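Counting from 1, the numbers follow the sequence of the chain as shown. No experiment lies behind these values; they were computed from the predicted model shown.
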Amino acid sequence: MFQSVQPSQGSSNAANRPELFEEVKLFRNFREREKYDNMAELFAVINTLQWLEKAYIRDAVTPKEYTAACSKLLVQYKAAFKQVQSDQIPNVEAFMKKYRVSQIIVI
């Protein structure tokens, strides 16, 4: 299927450089891996809160469902943020700014 597609001039150089296909590790030890996992969990909770908020605004979720889901997510958010909180990330606004997460109404 892709045999007829001609590689661009820049991509032929990449095929000759196998080091470009090596796996890139985000962490060097367990502590760093845990840090990235915790940040991913916080990001996921914030993102889920954003989508829940949008669904509620569009009336796709009943107020009862919204309240239950929002309460659960806020508890998860507080626990996840405690895992991430540090000198570099003193509050959720700093996390959202650093990782370019748009502001939400819930928090």
Q. Is there a side-chain contact (heavy atoms from CB on, under 4.5 Å) between V92 and V84 once you walk through the steps?
A. CA-CA 9 Å; V92 73; V84 173; over 6 Å; no
Taking every heavy atom of A94 against every heavy atom of I89, the minimum-distance pair comes out as CB-CA, 4.4 Å
Closest non-hydrogen atoms of V61 and Y56, given as atom of the first, atom of the second and distance, are O-CD1, 3.9 Å
Show your working on side-chain contact (heavy atoms from CB on, under 4.5 Å) between L49 and L74 and close with a plain yes or no.
CA-CA 8 Å; L49 278 166; L74 286 173; 4.2 Å; yes
Would you say K97 and E93 make side-chain contact, with heavy atoms under 4.5 Å? no
| task | Using modelled atom types only, decide if a donor and an acceptor are shared between the side chain of E65 and the backbone of T62 within a distance under 3.5 Å. | result | yes
> Between N47 and Q50, is any pair of side-chain heavy atoms under 4.5 Å apart?
Replying inline: yes
Between V45 and L73, the two heavy atoms sitting closest are CG1-O, 3.6 Å
Report task. Go through the steps for F81 and K78 under the test side-chain contact (heavy atoms from CB on, under 4.5 Å), then give the verdict. Result -> CA-CA 5 Å; F81 182 70; K78 288 177 185 177; over 6 Å; no
In this structure, CG of L42 is separated from CE of M96 (nearest 0.5 Å) by 9.0 Å
For Y36 and F27, the nearest pair of non-hydrogen atoms, with its separation, is CD1-CB, 4.4 Å
> Between Y99 and F95, how do the two ring planes meet: parallel, tilted or perpendicular, split at 30° and 60°?
Replying inline: tilted
* Asked: Any donor and acceptor pair, going by atom type alone, linking the side chain of N38 with main-chain N or O of E34 inside 3.5 Å?
  -> yes
Distance col, row E32:CD vs K35:NZ, nearest 0.5 angstrom, shows 7.0 Å
I'd like to know if the side chain of Y66 pairs up with that of E53 as donor and acceptor (distance under 3.5 Å, no hydrogens or angles considered). yes
(Q) Is it the case that the side chain of Q85 and the backbone of P90 share a donor-acceptor pair, with hydrogens and angles ignored and the cut-off at 3.5 Å? (A) yes
